[in-house]
Structure formats: C-alpha cells, structure tokens
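A note on names: the letters A, B, ... follow the listed sequences, proteins ahead of strands, and every chain is numbered from 1.
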Amino acid sequence: MKTLDGLWGGVLVLGGVSVSGFASTDLPNEADFFADQPIVLSVSRLAQPVSSAPAAVTVIDREMIKASGFRQIADLLRLVPGMEVTWAGGITPAVTYHGLSSIYSRRMQVLVDGRSVYNPAYGQVHWRSLPVDVDDIERIEVVRGPNAAIDGINAFQGTIHIITRPAADSRGTALGATIGDRRVGDGSARHGLRAGDWDWRIQAMTRGDDRAEDIQDTARENSFSVRGDWRPSGRDEVNVWLGGTRADWQASMIGLPLTNGQTTNHETAFGQVRFRRARDADNEWSIKLEHSETFVDVNFPIPLVNLPPLTPLTTPTDYNHWYKRDALEFDLLARPRDDVRASLALEARRDEAWSRNLLSRESPVQGNIYRLSGSAEWLFAMDWMLHASAMLEHHYYAGTRLSPRLALNWRAAPGHSLRLGVSRAFRSPDFLEQESDLRFTVAPFLLDQVMLSPYALRPETITSWELGYVFQSSARGLRGDARLFRNRVGDIIDLGAPYPVPGELAGDGADITYQNLYKANQVGLDLQLRWQPERETWMVLNQAWSDTESNSAEYANSDPGSVTSLLLAHRFGHEWSASLGYYHVGAMSWVTSYATTPSYDRLDLRLARDWKIDGKRWEAALVLRGVLGGYDEYVNHFYRLEPGAQFTLRVGWN
Amino acid sequence: MKTRARAGMRWLGALALCALAGASVGARASMWVSLVLSEPSSVHLQAAEALRGDLLQNATLVRGGVRVTQRMADEPAKEQPDLVVAIGVRAFGKVLAGAGDTPILALLVPRLSYAGALRQAGPNRHPTSALYLDQSYARQLRLAKNALPDIRRVGVILGPATAPLADVLEAAASGIVDLEIRHIEGPDGLFPVLDELTGRVDALLLVPDAAVVGRGTLPSLLLHTYRRRLPVIGYSESLTQAGALLSLYATPAQMGVEAARLIRDLAPPPIRFSAPSHPLQFSLSVNGGVARSLGIELPEEARLRAMASGEVGP
C-alpha cells in the first residue's frame, strides 16, 4: 500500500492533476486516465520492420540466443546467413561475412548499445573481452552488406548491432554458472533495481576455458558492467553505461604468429553517457559521449637467441600496446512530413594508439575523424518507398570520402516486398596497417626489419548491388527473406612483397609490408526463413551461396561457397524445452593462413528445464556440442573443435 | 385625481407583481444545472466548458430553457439546483456528502470509483447516475478483435484497485475473445505475471491501475511486451504515444458534449435518471511505428472507427 501511494503520487504529478480523493484513494480516478505517460517505445528503440528496411537485416532475438546454447557472443553470429565464425585457438574468434578475411577480421563494424567496439588501432574485434553477458543481450541486429551511411565508419561488409536489455527489464537478481569440458567454468551475477528515479543494472561475470587441447590457449576474462536509465520527464531519458574487463590469455593478440608461451594481459574499460529527448513517437534527438581504453601486455617469457660470445641479442620481447577512443555524437530522427522519415548524425572522434615495438616509436599516434551522416525515407506512392542516405567522413588517413546508399522498396502485395539497392563504403587503414614498424635490433645495428608500412595507403572500397525479397505470412507463422548481391571490392590492404631497407643486416628487406594489393568480385544469395507452425515450435533456417573471384588466390578461396545453419526449438509443456542447432560451412581459406580449412558439419543439442519454486525461477540446461564429431576449425588439427558438453544452472528472483 | 393615481399605481403594482410572478414562474421553469469541478485543471475545465457550450447552444430544445452555473467542489454550496453535474471523483464525493436530495450526474468518474463513492457515502437521498469515464470494455475487446483478427486470447492484469473489474470484464468478453485475468498485489508482482501471460495470450488490455501502469512499471511493461511481440491496448492517447498499439478513449470535451445531450434528454425537471452508462463517443489513436515494427497490418483508421462504434454493451 505504501508503494502504491508513492506511485500514485508519481502518476498524479505527471498528470498535472492533484487529487486527494475521498478516503479510499486506491480506486482509479480521472488523473489516471489523462495522465501523461513517458514515451517508451520511441522510434530509435523500435526494431525497424524488415520488410521496409533499406538493407537486409537479420535479427537474433533472445529466444534464438537461448536455444543456441552458445556461451560466447562470437558464436551467436553463426545464426546469420552467410556469416562464418571460427576460432583460431580459444583466444581468437573470427567473424566475417562471405569470406575476405583473416582471423583478425577487420571489415565489420560492431556496436554495443551504439558504441563501436571495433579496435581502430590494430584492426579487429576482441569478442572475448566485451563486457556483455550472453544472457544480457536483448537482441542482435545484423545488417548484411555495407551500411556506412547509417552505421558509420568501418561498416564495410556489414554491421553487427548488439543491444543489451534495458535496466528496467532486468529487475531482481539473477545468478548463473556454467561448467563443461575443456575446463569451461563461467559464473555471472546480475542485479537490477530501481533507486529513486533511476533503473540500474549491475552485472559481473567471469568466463574461462581451454579450447584447444594441443596448444596453449587458456583464457579467463573477468568483467563487470553497469547500466543506469533515468527518465527525468516523460520525454527525456538519460542512459549511462560503464564497464570493464580484465582478461588473461595465453596467446598473442596481434596479427603475428602465435608462439608457445606468449601471454596476453588485456584490460579494457569504457564509459558512455547518452541524453535522449523524444518529442513524440516519431521525432527524437540524442547526444552521446563515450570514452574507452584498452591496454594489452603481450609477453614472451622465453628468451630468444643467445649467440656467444656476442652479448645476448635484445629482441622485442613484447608487443605491448594500448589504444583509446573518445567520441561525441549527435543524432536526430524526425518525421518532417507524413510520408518522409529522416535522420541526421554528426560525430567527432579521436583515436589514439601506442606501441613501442609494433610501431617503433615512443610517442602515441593519434588521429581525428569527423563524420556527417544523413538519411531520408520517402513513401512517394502507395507501396513504394525510396531510401537515400550518405555519410561524409573525414578520416586521418583516408581523407574526406562520401559513402552513399540508395534503395527502392516495393510492397508488391500484403506480406511481400521487393528491394533494389546499391551502396558504397570505404575502409580506412588502421594504425597498424599504416604505421607498422617492427624490427629486431642490437644497437646500433638493425638486424631484421620484420614489418613495415612504407606506403601511404588508400582506403579499401566496396560497391554492393542487391536485390532483396521479404515475405511474411502470419497465417502460417512463416517469414523470411532472400538477398541476391554483387560486390566489387577494391584496393584491399594486405601483406605484400618485401621492401628493401638499407642497413638491414638480414638483407631481405622488410618481410611484411602493408599495401593496397587486391580486388575481388563476389556474387551470392542469402536466404533466411523463420517458421513457427504452432506456439511451442519454431525454427530458423539460413542458407547462403557465394562465389568470389580475385587476383589473389587467397581471397578467392576465402569464400566458403555454401554456409548453412538451422536452429529448431520445441517446448514440451510448461517446463521442458529442447533445441537443435546444425551448422555447415564449406571449405575456405582464412587469409594469411596459407592453408585450407576443410568444410564441416556440426550439430549441437540443448535440453533445458525451467521451473519455479517459492518465487524463484530456475533454469537448468545441458548442451551437447559437436554431436556429429570433431572437426578442424582452422588450418590444422591443433585448432580442432572436439565434441563436448556443458551444463548451465541459473536462478533468478525479484 | 388621487384616487385614479392610486388605482393606476395599484394596476402598475399588480402588473409588476404579475410580471414578477410570471418571471419567477419562468425562472422556475428553466432548468438550473450546476457544474461542480474537483479542481480547476484543464481536464475538468474542458469538460465543463464543452458541457455548458453544448447545453446553452441547444437551450431552446429544453422546455423553459437552461441555466448553467459552475463552481469548484471546495467552494461552499448555497444552492438548490435542479441537477448537479459532479466533474471528477472528488467533486462527486463532496456533493454526495452534502445534504439534500438534488440529483447528481457523475462525469469523468470511472466505473469503479463511482461504485466506490456510493458505497463510501452510505445511505443517501441523492438520486445518482453517471456517464462513466472508461470506454465500454466490450467495445474495447471488440475493437481489438476486429483490428487483430488472429487474436483468440486477451490478457488483463488487475491490481488491488481494479480487482472488482474482473466480473465486468468477463461479461464484456463473452462471445468476443477468451479472457485471461491475473491479479497482482503490487508492482513487484507484475513481472512474474507478465512472464506467464506473454506465452499464453495474443494481446494485453490495460486498465488504469497504478500497480500495473504506474510511472515505475509502465516502461518495463511496454519493453517486456514489445520484446515478446505482444500488442498492448491502451486507454489514453498518451499510452499510444508511449508504445501501446492502439487506444480507445473519450476526451474531456467529448464527455462534456455527451453529458449535455444526456441532460437534454432528461430535462425538464424533475430528473429521472436511467442506469449509468459508458460513453457513446470515442477517440481512437494508433501507434503506426509499433504496428510496423511488430509487422501488424492494421485496417485504416476510418475502418477501425467504424468497427468501434455501434452498440456499446457492458
């Protein structure tokens, strides 16, 4: 009752009507009917309907995440048509879309709650150190295809948006633990509460495993994250995110050969604040400030060559590096006319990186990026929508570039839409690609120049044409889409021929140089289908075929040709549920691995029970991984996924 | 001379008296409606103004004409009108508590509060009736069913304040949809119940109850139902803006106009009320963004309006 009165006070103040009421103040009065309510499902919070989106979008929702049984975020991307996920050892997951990638995948933009987590300095995404628990993800939206105009810098092959649950959605306490073979041991604790006008979610997590049996890749991450949401008024919202991870990994983190005995100590922290004002359900603006920094200590405890009677050679024994990012962004979403929706974004960003040995300099490198993006959607005739967007970016290496996108949507019949689109994007070189300078020296002699970036690099380019078809038949619970595409990729930056370096004792020049070297043409077809024949059963089927031609055999072979995934789930009664995940990836070659990873078939099974005792919700799940047998997931049998099992127990209460 | 003047004076006096008598008879013949407002907020003032405006505009339809006065519930009452229109729950309570047997029409008072106020006041000499603030539940459910033809089950969560609505809701739903009603004691009980309901029903109907739709719980409720792709039916324009798929409601002005018509039908005094009823008038608002996002193709607004009007029911 006391709480009710408090809430009543809130409702009444909002409504601008004060009612002291007759003695029984519990019953609703006119203030409740006319009270002002906060805009909750604002335009930016609503998932864009797939049928009218200007690009092909795949949504992985919580149901799918649970049914998959995956405990690592990178693995969830297997549920997107055309995406390949692999692990080069337990520390290095790689995620790419239709090939064209090494295990340090640098051509996708990845955002967590709007914050880019792509490493701007050394070009990759540290999936393992994201301070996000799989259980905390609200949904993942993947845009397949270049989407620079909306998603900003580095949205080259596609964009992965990871959206975490709002604090208000995670009230109460939840604990979880997972154990499994390969020394899998995870724990998580989450608490959501309302304090005054704020909704808070605090979460801590530890995750560890030892994936490959024959190489050293023991990993453990400990992370925490905090999210706070405040609604000072019905129209305004303030969100605060903070988090950090400390990881201890036994392996290297840069694009250089793995060495036994390497250890990596990886620490990352971030903070982000956003203020959003929703004028009404269609119009809102927001302003956001973020800061993130990552420190990585990569050490080789094994001493290197010792050549008596010369003094022991000093060689770089660490690849220590750090990078920082600061960004300020303003976004506007509006509906200036009934038939037009528009958006505008302005961003100023500063990247900074340091590595004494990789870049051979004591001082950090830094650069500023400015971005202006705009988009408009015009429903110019009934059933016809034109979408135009562009990003103007000034990048410290790439200069000023324009990335446009144009798409035409036609609603051919209720439940059936066609889309024709073209889009262009650029990928600017990262610090490592442009400034690398790794050398072995014995002062004052230069023994060997290992890596160098002697050229001023141009950004990579991609132009993508696509024809899409989206259908939905609610009567049979069936929906899906198809995407036929053609990509022209140019100026691909990769490791090239030796470059003469005067005074180098080894005499072979810089072994590895970054250059704009290759082009590639791709064609392909992505299909995805979701079917829910009845409330208790659903399935998601993804199939993609693609073919890549390139003046680099390696890039041509990086395309697996065919990728399939199937997720099927069924609920038995109130408590038991079971699901099955089947994955097939064709033979492909990860760039700079100089070997072919054979095709594989994988089947995972999950059996779970959720029940309630005394107001506590329990969930127990058993996941059997690789039921069809082990397979090589990278170049040789050292990188092998073996069949195994894991067991998870979760409990939650309010 | 003096005699004639006096006679003239007497004639004048008599005429004056007759005129006065005639005037006072005329005054007695015009109906005196007193509007009593809970407070001078825009919601109450709009209803009062719409009521007075419509009543006076069509005053000729009332035999003897109409006189309308307005006061706040807190002001002392020194009047004996033919009819009191109590605008707002507090005004209704105050007028009920007053002496006398003036008929009272409750306006902008929800169904539950009307019954509650009567219980509170105990035995009473005032005849009363109401034009309920809530839209008929049968109409809301019928609209939901017409707008989303695939739905079979609608869920409703009732808190302690709205628990008595359960019977009304069941009666309203019969023949239209299956209803799943859940009761909670307070906001803490909301999420377990929501979790359970979201798998079982095809839409959620909101009723104003602070435990369910309070400031602290509404955002979580809408986020939760959105995530489960469960459409929400609201009862106000601002709920639609907040994220409900559609809402059915009557604005204060619409209530005022409808009350005026009701009064015209009841006039002239003595007033004999019929049973309290839900409004015939309504407004409809739809959240296009939520509809698109959930992949719901709603009929055009004009068709929705046509579906909603028609018989009112419980």
Between B:Gly288, B:Ser220, B:Gly189, B:Gly243, which residue shows the highest count of heavy-atom pairs closer than 4.5 Å to chain A? B:Ser220

So with a 6.0 Å cut-off around CD of B:Glu300, is the heavy-atom count from everything else above 12? no

If we ignore hydrogens and angles and just use 3.5 Å, is the side chain of B:Ser238 paired with the main-chain N or O of A:Ala35 as donor and acceptor? yes

Could you tell me whether the side chain of B:Gln241 and the main chain of A:Gln37 form a donor-acceptor pair under 3.5 Å? no

So A:Phe34 and B:Leu133, side chain to side chain contact (heavy atoms under 4.5 Å, CB included) or not? Walk me through it. CA-CA 10 Å; A:Phe34 295 113; B:Leu133 178 53; 3.9 Å; yes

Closest contact, heavy atoms only, A:Leu27 versus B:Leu112: CD1-O, 3.7 Å

Under-4.0 Å salt bridge between A:Arg411 and B:Glu297: yes

More than 12 foreign heavy atoms under 6.0 Å from NE2 of A:His574: is that the case here? no

How long is the gap from CZ on A:Phe33 to CD on B:Glu237, to the nearest 0.5 Å? 15.5 Å

So CD of A:Glu138 and CG of B:Leu223: to nearest 0.5 Å the spacing works out to 7.5 Å

Carboxylate-amine/guanidinium proximity below 4.0 Å for B:Arg229 and A:Asp61: no

Of B:Thr162, B:Asp134, B:Val109, B:Asp209, which is the lone residue that meets side chain to side chain contact (heavy atoms under 4.5 Å, CB included) with A:Pro28? B:Thr162

Is atom CZ of B:Arg303 surrounded by more than 12 heavy atoms (other residues, nucleotides or ligands) closer than 6.0 Å? no

Tell me whether A:Arg279 at atom CZ has more than 12 heavy atoms from other residues, nucleotides or ligands lying less than 6.0 Å away. no

Heavy-atom cut-off 4.5 Å, strictly under: side chain, backbone, both or neither for A:Arg571 against chain B? neither

Would you say CH2 of A:Trp198 has more than 12 non-hydrogen atoms from neighbouring residues, nucleotides or ligands within 6.0 angstrom? yes

Side chain from CB out, backbone as N, CA, C, O: work out which of these in B:Ala250 comes under 4.5 Å of a heavy atom of chain A, or both, or neither. backbone

With only heavy atoms counted, which part of B:Pro252 is less than 4.5 Å from chain A, the side chain, the backbone, both or neither? both

Ignoring hydrogens, what is the shortest heavy-atom contact between A:Glu30 and B:Gly88? Give both atom names and the distance. OE2-CA, 3.2 Å

Please find the pair of heavy atoms, one from B:Arg200 and one from A:Arg535, that lie closest to each other, and give the distance. O-NH1, 3.9 Å

Please say whether more than 12 non-hydrogen atoms of neighbouring residues, nucleotides or ligands are located less than 6.0 Å from CD in A:Glu63. yes

